[in-house]
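The structure under discussion appears below in the form of structure tokens.
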There are 2 protein chains.
Amino acid sequence: MNKREFKDKIYGELAKVTKAMGNPHRMEIIDLLAQGPFPVEQIANATGLSIANTSQHLQTLKHARLVQITRDGNFIRYSLAGENVYNAWAGLRELGMVYNSEVDKVVKDFRKGFNDLDPVNADDLLKMIEKKNVVILDVRPEEEYNRGHIHRAISVPLEQLGDRLKSIPKSKTIVAYCRGPFCLYADEAVATLTQKGYNAKRMTEGFPDWVQKGYPVEVETTK
Amino acid sequence: MNKREFKDKIYGELAKVTKAMGNPHRMEIIDLLAQGPFPVEQIANATGLSIANTSQHLQTLKHARLVQITRDGNFIRYSLAGENVYNAWAGLRELGMVYNSEVDKVVKDFRKGFNDLDPVNADDLLKMIEKKNVVILDVRPEEEYNRGHIHRAISVPLEQLGDRLKSIPKSKTIVAYCRGPFCLYADEAVATLTQKGYNAKRMTEGFPDWVQKGYPVEVETTK
DNA sequence: CAATTATTCAATAAATAAATTGAATAGGTT
DNA sequence: AACCTATTCAATTTATTTATTGAATAATTG
């Protein structure tokens, strides 16, 4: 193998992995799988794809070793192959948000529609936790909260928010978070809370980013 | 814009950027441009592509805002649009090297051919610098050394290595570095030095990775 | 062991990306 | 102003990727 063949081989392999990521649906799937394992049907529902199409995209990701499967009864659950997958994905996300002003603009414009201005980021939230003047709401589905959540966050899945307002104190700042910067659960929660008179904000990032930064979490102990 | 349109837009934009990276030649170009600005012809030579083909790939990268141009006399020089581009690229590289055992294997096998076993990584080298028992050789072209190099490294471009052996002490460990883990200049230098009786090793990473880690550098002051 | 359910495979058509060639452009130089 | 030189554009062919449909598979349950 000469030098050129060596380079062709190496960059070829890297390009394969990158290509496997370089599709809108697969980007969304990776973002979702960062929350943990999901069966094909749920992935299809979340992304609006057909089951067969979802399966094909998952095969593409699997061949590139970006996702792995675990069998659980009748279901096959897909999850990310390791933390490097999320790291790489987050790197691309940052790239998109910094240099492609359209992405940033669309996100900001959409949040305006929820009256969700002045969000806090993960570093802000960490400081607020130290000062103990904040209530943190995890508004993802309960299953995802159970797999792991921000230290001292309470689980209030978006569908239950209306019923559980009385347990949320108006005297403190409320920070809601969800799956990631493109997940809208937290925005919807903030819209509801603000309307009811709460001082509520969303955290711009999601739980996986909190984990990536090494900030305090509680994780599922069993299994 | 509804939720689905929002997500399609966001993930679509991210996929565009990722697709722009997801090609073997463009991967190699990004890796090269991490050293600084290069004109099209040099990029074509380094990658073995035709000028026209190189130009097309550069246009693709430019439209995705991954590279930017600066005019300098008759030449147009291309360089990375910012540090996030290198960060994202390095994230994909790690992903490829960790989960795709083929990449790791090819790199290791190729190094064996240079008798270049037992390399040091950036962290190792930092410790060796503290102990002052190492000579660091920057074996990239001089122009790249001039733009920035590891603190106290001396410039010995590969072509000049044979002529400059007498100035390199045999009493110390020699560590050579170059552009990155897939660059072969350092391997060739190590092969030559080892054959002449030196205790020489390569640093597995390259200069951009050293910078990314925030380790001590000397950079061009003028301009 | 047949039936059920979740998932994957195979085949096709439509869309997108790549390499090649030669012509066009746009700075700088004489 | 005419001429260089580096770079880009346009047009073509070939290769790859995507979505869709319906059939096939494989583990589980009755």
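Quick note: numbers below take in every heavy atom, side chains included, and nothing from hydrogens, waters or symmetry partners. Throughout, protein chains are lettered first and strands after them, A, B, ... in sequence-line order, and every chain is numbered starting at 1.
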Rounded to whole Å, CG of N53(B) lies from C1' of dA10(D) at a distance of 15 Å
Taking only the side-chain nitrogens and oxygens of R71(A), find out if one of them lies under 4.0 Å from OP1 or OP2 of dA6(C).
no
**Message:** With a 4.0 Å limit, can you tell me whether H25(B) has a side-chain N or O closer than that to the phosphate oxygens OP1/OP2 of dA19(C)?
**Reply:** yes
Please list every donor-acceptor pair under 3.5 Å in which a side-chain atom of residues 42-53 of chain A meets a protein atom from a residue at least two apart or in another chain.
| unit_1 | atom_1 | unit_2 | atom_2 | d |
| --- | --- | --- | --- | --- |
| T47(A) | OG1 | I43(A) | O | 2.7 |
| T47(A) | OG1 | A44(A) | O | 3.4 |
| S50(A) | OG | N53(A) | N | 3.0 |
| N53(A) | OD1 | H57(A) | NE2 | 3.4 |

Result for 5'-nearest mapping on DNA chain D, choosing between P24(A) and S50(A), is P24(A)
Salt bridge (charged side-chain N to carboxylate O under 4.0 Å, His left out) filter on E94(A), not counting sequence neighbours, yields none
Flag, side chain of Q35(A) to backbone of L32(A), donor-acceptor distance under 3.5 Å:
no
Query raised in the report: Any Lys/Arg nitrogen of E13(A) or R65(A) sitting under 4.0 Å from an Asp/Glu carboxylate oxygen of the other?
Result: no
Self-check item: H57(B) side-chain N/O to dA19(C) phosphate OP1/OP2 under 4.0 Å
Solution: yes
To the nearest angstrom, the CG-P distance between N23(B) and dA18(C) comes to 5 Å
The residue among Y185(A), Y177(A), Y145(A) that forms side-chain hydrogen bond (donor to acceptor under 3.5 Å, both in side chains) with D138(A) is Y177(A)
Report task. Report yes or no: is the cationic atom of R147(B) (NZ for Lys, CZ for Arg) under 6.0 Å from the centre of the six-membered ring of F38(B), at an angle within 45° of the ring normal? Result -> yes
To the nearest angstrom, the NZ-P distance between K19(B) and dT17(D) comes to 10 Å
Below 3.5 Å between N/O atoms, which protein atoms pair up with nucleotides 5-9 of chain D? Just atom names and distances, please.
| unit_1 | atom_1 | unit_2 | atom_2 | d |
| --- | --- | --- | --- | --- |
| dT7(D) | OP1 | V40(B) | N | 3.4 |
| dT7(D) | OP1 | I76(B) | N | 3.3 |
| dT7(D) | OP1 | I76(B) | O | 3.1 |
| dT7(D) | OP2 | E41(B) | N | 3.3 |
| dT8(D) | OP1 | Q59(B) | NE2 | 3.2 |
| dT8(D) | OP1 | Y78(B) | OH | 2.3 |
| dT8(D) | OP2 | S55(B) | OG | 2.8 |
| dT8(D) | OP2 | Y78(B) | OH | 3.3 |

When rounded to whole Å, the CG to P distance for the pair D72(B) and dT29(C) reads 11 Å
Here the distance between atom P of dA6(C) and atom CG of N45(A), to the nearest Å, is 11 Å
